[in-house]
Visitor: 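Starting off with a structure, shown below.
Numbers restart at 1 for each chain; the letters A, B, ... are given by sequence-line order, proteins then strands.
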4 protein chains.
Amino acid sequence: MKIKDDNKINDIYAATLKLVKASGLAGITMQAVAKEAGVATGTLYIYFQNKDELIIRLFDVCVKNSASNFFKDYSVRDPFKVGFRTIWSNILQHRLSRFPESIFIEQCFHSPFIDEDTKITLKKMFDPLLELLNRGKREHLIKNIDTFWLLTFMIGGINEVAKRVVYFNKKLSVELMDQNFQMCWDGIKA
Amino acid sequence: MKIKDDNKINDIYAATLKLVKASGLAGITMQAVAKEAGVATGTLYIYFQNKDELIIRLFDVCVKNSASNFFKDYSVRDPFKVGFRTIWSNILQHRLSRFPESIFIEQCFHSPFIDEDTKITLKKMFDPLLELLNRGKREHLIKNIDTFWLLTFMIGGINEVAKRVVYFNKKLSVELMDQNFQMCWDGIKA
Amino acid sequence: MKIKDDNKINDIYAATLKLVKASGLAGITMQAVAKEAGVATGTLYIYFQNKDELIIRLFDVCVKNSASNFFKDYSVRDPFKVGFRTIWSNILQHRLSRFPESIFIEQCFHSPFIDEDTKITLKKMFDPLLELLNRGKREHLIKNIDTFWLLTFMIGGINEVAKRVVYFNKKLSVELMDQNFQMCWDGIKA
Amino acid sequence: MKIKDDNKINDIYAATLKLVKASGLAGITMQAVAKEAGVATGTLYIYFQNKDELIIRLFDVCVKNSASNFFKDYSVRDPFKVGFRTIWSNILQHRLSRFPESIFIEQCFHSPFIDEDTKITLKKMFDPLLELLNRGKREHLIKNIDTFWLLTFMIGGINEVAKRVVYFNKKLSVELMDQNFQMCWDGIKA
DNA sequence: GATGAATGAGCCTTCATTCAT
DNA sequence: TATGAATGAAGGCTCATTCAT
């Protein structure tokens with residue numbers, strides 16, 4: 001008997017992300033996913049109940065993946081600016097190296113696939129960063145603005161950098177990274 | 001003989017945007033657009049050759065609309081910071097008041113509807129702003145960073161604010177607007 | 001605009017019955033029904049929500065059709081034997097002239113299409129005949145057996161005659177009809 | 001090497017019959033049969049070449065089974081009425097105790113599984129009963145009607161009783177059996 | 001022999017597009 | 001122009017059958 005193969009699930013996820021990057025959620029067909037993943041259409045239905053479940057579970061994987069990458073090498077005992085820069089870099093790196101996942105998450109947001117509860121879960125992903133920003137405010141290192149908007153400001157900058165690197169095929173040198181971080185830091189610092 | 005009715009076209013555009021906001025480009029069907037717009041399916045094909053043309057022309061309208069709004073009340077003779085703030089506000093206002101258009105444009109980006117040339121056109125929309133930023137650099141008012149990334153930084157912040165206002169149902173008081181602008185300004189200023 | 005055509009529904013019903021007779025409920029595909037009815041597959045979905053609804057509504061039509069045929073030319077004021085013979089003939093005629101409908105109803109009985117409630121409705125179809133048989137018992141013309149089993153006996157004979165006429169390609173002469181009725185009558189008469 | 005297991009074949013047959021009773025021939029899938037029988041899908045194909053063969057061989061088993069049950073305890077040397085009653089009872093008992101087999105045979109009749117030759121074989125099953133009825137006519141005990149229709153009359157009554165016992169969940173007391181037989185007998189007797 | 005994952009043809013259904021009215 | 005019924009290609013999904021273990 002053939003054994004269910006977890007790698008196959010990853011192949012399917014990878015195929016889906018590739019197709020979403022190329023032509024959006026709208027462009028996904030189970031046929032196309034199967035072909036891209038190198039399996040038969042029916043095989044998809046061994047691993048996923050239906051198209052919805054495939055999308056939803058991939059969404060979940062992407063979110064969890066993000067969360068674990070964002071706080072890599074970060075410790076709450078780091079000095080504020082060190083920690084902040086670590087997370088800033090992690091998020092940017094993650095967005096860049098896994099750009100299709102970002103697009104996928106974004107497209108899922110405006111689709112019938114993802115429900116409101118799931119969206120809330122997504123928000124929680126940033127909790128440790130919110131904590132750090134609160135600490136920054138307590139230590140008078142950053143502006144006394146609602147943490148939600150500080151986070152918004154930081155994330156917005158990162159997202160747009162990642163998008164434009166990809167869309168306009170730019171290279172991000174260490175110097176550019178520094179410049180971009182500097183703008184972010186100058187923006188939030190007290 | 002009745003004349004092609006511009007109101008009807010606008011109804012169709014509005015219906016399309018509404019549906020895209022609710023369920024993404026993936027969720028759009030000509031039947032649904034027709035129903036939402038209050039016309040018969042066949043009528044869509046009087047005003048548009050096919051679905052592609054509907055999407056592309058709406059994309060075009062949205063882009064042109066943005067461009068005209070972004071530089072409203074702005075004059076190249078304004079002092080730098082005044083002009084910058086005007087444009088910053090215009091973009092944010094536009095994103096907020098016409099949020100579905102932003103989603104639509106974003107989703108079109110990763111879809112088979114929009115080709116590479118159109119994407120480049122989109123980029124040109126920001127030319128007057130690039131000019132202004134260049135002037136700011138010449139006047140040593142803002143950081144000496146590639147204008148592309150200064151723009152990126154500014155746009156990123158605005159987009160994320162708009163998204164979060166809508167997704168998390170926030171109100172933007174004048175004070176919050178000021179705080180957000182301050183972060184942006186501190187980020188780019190020399 | 002093309003107008004919805006009720007004849008089309010009848011064409012679809014006829015096509016379905018023909019296919020069920022030829023190869024059973026198992027052999028029905030929407031494609032085959034459409035082809036047999038001379039319409040496109042999609043057209044079926046204008047008139048019926050889905051395959052289930054097509055089956056269920058056809059079932060309903062067949063049942064109602066039977067009911068109206070069974071008691072044609074019958075009056076409760078007829079002498080018992082006259083009324084009984086009228087109904088007996090009607091049922092047999094109906095079974096013969098609309099044999100595919102009988103098969104269809106039978107096959108639906110053992111299918112996931114028809115629910116228990118619908119089966120009960122079907123039973124009610126025979127109420128006037130039950131009334132007549134009760135009267136026959138009161139008039140001491142027929143055996144004093146639970147009416148349910150008198151009905152069963154009558155119907156069983158008719159059904160089997162109809163089946164065998166069709167399956168074995170027999171002709172039913174007037175004489176044979178008389179002989180068959182005689183057996184039925186001798187069976188139930190007091 | 002293990003030997004093909006007859007019990008397994010019977011399990012498969014039983015599973016098939018159960019499923020046909022529940023949802024008709026249309027509702028049968030090899031997957032469902034395997035699951036119901038407690039074997040793997042692939043195992044079915046060790047015992048049967050394909051789905052058709054499974055159906056056809058089960059059909060055959062059911063028919064042979066019927067034939068052997070119908071004439072149990074019957075001897076051509078029995079007095080006519082004794083023999084007739086024996087067979088009548090046997091058929092009814094068989095229909096009742098193996099009701100799913102009857103449904104299965106009936107459904108097979110209107111399916112692409114069974115061909116015309118097989119249907120003729122089925123007819124031969126009743127030959128000893130036809131013989132008996134011919135003898136009854138020779139002995140002037142029963143009506144002088146074409147034996148085919150005498151048989152039809154008898155079988156029809158039995159089938160309908162069996163169906164209604166099952167569908168309407170009736171109990172058949174000895175008294176009711178007697179009453180039903182009486183109707184049959186009065187129907188055919190000279 | 002037994003298993004059940006894998007396959008892909010084919011079924012149900014949707015939807016872009018056409019066309020008779 | 002406007003309508004919406006009709007079309008049929010294509011997508012989601014199932015299931016008879018195969019095959020590696």
Visitor: It should be established whether Tyr47(D) places a side-chain nitrogen or oxygen under 4.0 Å from OP1 or OP2 of nucleotide dA2(E).
Guide: yes
Visitor: Between Val39(A) and Val39(D), who's closer to the 5' end of DNA chain E by nearest nucleotide?
Guide: Val39(D)
Visitor: Which of residues 105-115 of chain A have a heavy atom under 4.0 Å from DNA chain F?
Guide: none
Visitor: Does the ring-ring contact (aromatic ring centres under 6.0 Å, His included) test come out yes or no for Tyr13(A) and Tyr47(A), once each step is laid out?
Guide: CA-CA 11 Å; Tyr13(A) 284 154; Tyr47(A) 294 93; over 10 Å; no
Visitor: With a 4.0 Å cut-off on heavy atoms, is Phe48(D) in touch with a base, just the backbone sugar-phosphate, or nothing at all?
Guide: nothing
Visitor: Apply ring-ring contact (aromatic ring centres under 6.0 Å, His included) to residues His110(C) and Tyr167(D) and explain how you reach the verdict.
Guide: CA-CA 11 Å; His110(C) 295 283; Tyr167(D) 293 161; 5.5 Å; yes
Visitor: Partner of dA20(F) by Watson-Crick or G-U wobble geometry, both contacts under 3.5 Å, or none?
Guide: dT3(E)
Visitor: I need the CD1-C1' distance between Ile9(B) and dT1(F), as an integer number of Å.
Guide: 13 Å
Visitor: Identify, residue by residue, the members of residues 13-26 of chain B with a heavy atom below 4.0 Å from DNA chain F, and return them in order of residue number, or none.
Guide: none
Visitor: With a 4.0 Å cut-off on N to O distance, would you call Asp115(C) and Lys119(C) a salt bridge?
Guide: no
Visitor: Could you check whether Glu101(B) pairs with Lys21(B) (Lys NZ or Arg NE/NH1/NH2 to Asp/Glu carboxylate O, under 4.0 Å)?
Guide: no
Visitor: Counting C-beta onward and ignoring hydrogens, is there a side-chain heavy-atom pair between Ile12(A) and Leu58(A) closer than 4.5 Å?
Guide: no
Visitor: Ignoring hydrogens and angles, tell me if any N or O in the side chain of Lys51(B) forms a donor-acceptor pair with the backbone of Ile28(B) under 3.5 Å.
Guide: yes
Visitor: Do you know which two heavy atoms are closest between Ser23(D) and Pro112(C), and how far apart they sit?
Guide: O-CD, 3.5 Å
Visitor: To the nearest angstrom, how far is Lys35(C) atom NZ from dA6(F) atom P?
Guide: 20 Å
Visitor: Any side-chain heavy-atom pair from Val20(A) and Ile103(A) closer than 4.5 angstrom?
Guide: yes
Visitor: For ring-ring contact (aromatic ring centres under 6.0 Å, His included), just list the numbers for Phe104(B) and Phe113(B), CA-CA rounded to whole Å, side-chain angles, deciding distance to a tenth of an Å, and then say yes or no.
Guide: CA-CA 12 Å; Phe104(B) 178 72; Phe113(B) 295 111; 8.6 Å; no
Visitor: Across all strands shown, which nucleotide pairs with dC13(F) by Watson-Crick or G-U wobble geometry, both distances under 3.5 Å?
Guide: dG10(E)
Visitor: Below 4.5 Å, heavy atoms only, C-beta onward: do Ile105(B) and Leu122(B) meet side chain to side chain?
Guide: yes
Visitor: Does Lys8(D) put a side-chain nitrogen or oxygen below 4.0 Å from OP1 or OP2 of dA2(E)?
Guide: yes
Visitor: Starting at CG of Asn7(A) and ending at P of dA5(E), how long is that distance when rounded to a whole Å?
Guide: 16 Å
Visitor: Determine whether a donor-acceptor pair (N or O, by modelled atom type, separation under 3.5 Å) exists between the side chain of Gln107(B) and the backbone of Leu25(B).
Guide: yes
Visitor: Could you check how far CG of Leu44(A) sits from C1' of dG8(E), rounded to whole Å?
Guide: 12 Å
Visitor: Between protein and nucleotides 14-21 of chain E, map the contacts as a letter string: B base, S sugar-phosphate only, - none, heavy atoms under 4.0 Å, written 5' to 3'.
Guide: BBBBB-BB
Visitor: Using the closest heavy atom to pick a nucleotide of DNA chain F for each, name whichever of Gly38(C) or Thr43(B) lands nearer the 5' end.
Guide: Thr43(B)
Visitor: Donor-acceptor pair, Ser66(D) side chain versus Cys62(D) backbone, under 3.5 Å?
Guide: yes
Visitor: In terms of the nearest nucleotide of DNA chain E, which residue is placed more toward the 5' end: Ala40(D) or Ile46(A)?
Guide: Ala40(D)
